[in-house]
Asks: 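Pasting in a structure now, in C-alpha cells, and then I'll have a few things to ask.
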Amino acid sequence: MEKVQGEMEIERWERNEEISDAEKKVIQETWSRVYANCEDVGVSILIRFFVNFPSAKQYFSQFKHMEDPLEMERSLQLRKHARRVMGAINTVVENLNDSEKVSSVLALVGKAHALKHKVEPVYFKKLTGVMLEVIAEEYANDFTPEAHSAWTKMRTLIYTHVTAAYKEVGWAQYPTATL
C-alpha cells in the first residue's frame, strides 16, 4: 500500500475522501446485487475473515473454537452474525446521502464493539478489507475499477466512523497512531 505523508503516515485507503454522488450510485448499485444474497455473502465474508485472522474468533464464544470452514458455514450463530453485519452495512449504503444517519449507525456499531464486546478496532480494518475482497471476487463483473475506488472510500468511511466512536468512549487500548 502506498503511504501518504502527513502528521502521521497512513495508508492511502485510510485517507477520508468524500464519496461523490456518482460513487454513491456505484456503491448502491453494486450493493443491491450483493445484498440480494446477503446471508451467503455475509457468511463468506466472516468465514474468510476468521480463516485469515483466527485471533478475531476470540470475541465469539459460540464459534471461537471452530476451525473447519464447513462447520462455520453451518453455524446458525455465525449466520445470524453475518445477517447483522450485512444489515448494518445495508443501512449505511441506503443512507449514504444522509451523513448524520451514517454517523449514527456506525457510532452505535463502534460503541457496542468497544464497550460491550471489547473488540480491538484494528479488526474493523481487517474485516472491511476482507469484505472488499469477497465482493470483488463474487461480483467480478460488477466490480469495475470505478466500483473498486468507490468501495475503497466506503471502507474508509466505515473504518473512520467506527474508530471515531472508539475514541469517543475513551478506548484505553486504542493506539492513536493507527489512524
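Keep in mind the model is a prediction, meaning the values are calculated, not measured.
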Asks: Looking only at non-hydrogen atoms, find the nearest pair between Val26 and Ala150 and report the distance.
Replies: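 Shortest heavy-atom separation between Val26 and Ala150 comes out as CG1-CB, 4.3 Å.
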Asks: With rounding to the nearest 0.5 angstrom, report the CD to OH distance, Gln28 to Tyr35.
Replies: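 Interatomic distance, Gln28 CD to Tyr35 OH, rounded to 0.5 Å: 14.0 Å.
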Asks: Does a side-chain N-to-carboxylate-O contact under 4.0 Å join Asp40 and Arg83?
Replies: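 The answer is no: the pair does not qualify as a salt bridge.
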Asks: Met72 and Glu67: which non-hydrogen atoms are nearest, and at how many Å?
Replies: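 The answer is CE-O, 3.8 Å.
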Asks: Measuring from atom CG of Asn95 to atom NZ of Lys24, what distance do you get when rounded to the nearest 0.5 angstrom?
Replies: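 Going from the CG atom of Asn95 to the NZ atom of Lys24 covers 11.0 Å.
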Asks: Please tell me if the side chains of Leu46 and Val130 come closer than 4.5 Å, counting only heavy atoms from C-beta onward.
Replies: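 No, side chains not in contact.
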Asks: Looking at Ala107 and Ala165, what are the two nearest heavy atoms and their distance?
Replies: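 Closest approach of Ala107 to Ala165, heavy atoms only: O-CB, 3.6 Å.
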Asks: Are the charged groups of Lys125 and Glu120 less than 4.0 angstrom apart, N to O?
Replies: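 The answer is no: the pair does not qualify as a salt bridge.
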Asks: Can you tell me how far CG of Leu132 sits from CD of Glu137, rounded to the nearest 0.5 angstrom?
Replies: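 Result: 11.0 Å between the selected atoms.
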Asks: Strictly below 4.0 Å, N to O, side chains only: are Glu29 and Lys25 in salt-bridge contact?
Replies: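 Lys25 and Glu29: salt-bridged.
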Asks: Does the side chain of Lys126 come within less than 4.5 Å of Asn52's, by heavy atoms?
Replies: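 No, too far: nothing below the 4.5 Å cut-off.
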Asks: Contact between Trp31 and Ile135 at the side-chain level, heavy atoms closer than 4.5 Å - yes or no?
Replies: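 Yes, close enough: below the 4.5 Å cut-off.
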Asks: Is Thr156 reaching over with its side chain to a backbone N or O of Thr152, donor-acceptor style, under 3.5 angstrom?
Replies: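 Side chain of Thr156 to backbone of Thr152: a pair is present.
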Asks: With a 4.5 Å cut-off on side-chain heavy atoms, are His117 and Tyr59 touching?
Replies: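 A side-chain contact under 4.5 Å is absent here.
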Asks: Could you pull out the closest heavy-atom pair between Pro121 and Tyr159, with the gap in Å?
Replies: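 Scanning both residues completely, I find the closest heavy atoms to be O-CE1, 3.7 Å.
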Asks: So, for Ala88 and Val109, which heavy atoms are closest and what is the spacing to 0.1 Å?
Replies: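 Taking every non-hydrogen atom into account, CB-CG2, 4.4 Å.
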Asks: Would you check, one step at a time, whether the test side-chain contact (heavy atoms from CB on, under 4.5 Å) holds for Tyr139 with Asn37?
Replies: CA-CA 11 Å; Tyr139 297 87; Asn37 302 305; 3.1 Å; yes
Asks: Quick one, Met66 and Leu78 - any side-chain contact, counting heavy atoms below 4.5 Å?
Replies: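 No, every pair of side-chain atoms sits at 4.5 Å or beyond.
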Asks: Ignoring hydrogens and geometry, is there a side-chain-to-backbone donor-acceptor pair from His81 to Gln77 under 3.5 Å?
Replies: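 A pair under 3.5 Å: no.
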Asks: Nearest 0.5 Å, what's the CG-OG1 distance between Asp98 and Thr91?
Replies: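 If we round to the nearest 0.5 Å, Asp98:CG and Thr91:OG1 are 11.5 Å apart.
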Asks: Could you give the distance from CD (Glu23) to OG1 (Thr30), rounded to the nearest 0.5 Å?
Replies: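 So the gap between those two atoms works out to 11.5 Å.
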Asks: Decide yes or no on ring pair (Phe, Tyr, Trp, His ring centres under 6.0 Å) for Phe124 and His113, but give the supporting numbers first.
Replies: CA-CA 10 Å; Phe124 283 94; His113 285 79; 5.2 Å; yes
Asks: Identify the heavy atoms of Met86 and Cys38 that sit nearest to each other, and give their distance.
Replies: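 The pair with the smallest heavy-atom distance is CG-O, 3.4 Å.
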Asks: Would a 4.5 Å heavy-atom cut-off, applied to side chains only, mark Glu138 and Val41 as touching?
Replies: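 Of all side-chain heavy-atom pairs linking Val41 with Glu138, at least one is under 4.5 Å.
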Asks: With a 3.5 Å distance limit and no angle check, can you tell me whether Ser104 reaches the backbone of Glu100 through a side-chain donor-acceptor pair?
Replies: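 Here the side-chain-to-backbone pair does not exist.
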Asks: Do Lys64's NZ or CZ and the ring of Phe60 fall within the cation-pi criteria of under 6.0 Å and 45°?
Replies: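 Output no; distance or angle outside limits.
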Asks: Any side-chain to backbone donor/acceptor pair from Gln58 onto Ser55? Under 3.5 Å, distance only.
Replies: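 Yes, because the side chain of Gln58 sits within donor-acceptor range (under 3.5 Å) of the backbone of Ser55.
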Asks: Please determine whether side-chain contact (heavy atoms from CB on, under 4.5 Å) holds for the pair Val105 and His161, giving the CA-CA distance in whole Å, both sets of side-chain angles, and the decisive distance to 0.1 Å.
Replies: CA-CA 9 Å; Val105 167; His161 278 77; over 6 Å; no
Asks: Hey, does Lys80 have a side-chain heavy atom less than 4.5 Å from the side chain of Leu76?
Replies: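 Not touching, per the 4.5 Å side-chain cut-off.
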Asks: Is there a side-chain contact between Ile27 and Ile19 (heavy atoms, below 4.5 Å)?
Replies: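 Of all side-chain heavy-atom pairs linking Ile19 with Ile27, at least one is under 4.5 Å.
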Asks: CG of Leu157 to CG of Leu96: how many Å apart, nearest 0.5 Å?
Replies: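 So the CG of Leu157 and the CG of Leu96 are separated by 7.0 Å.
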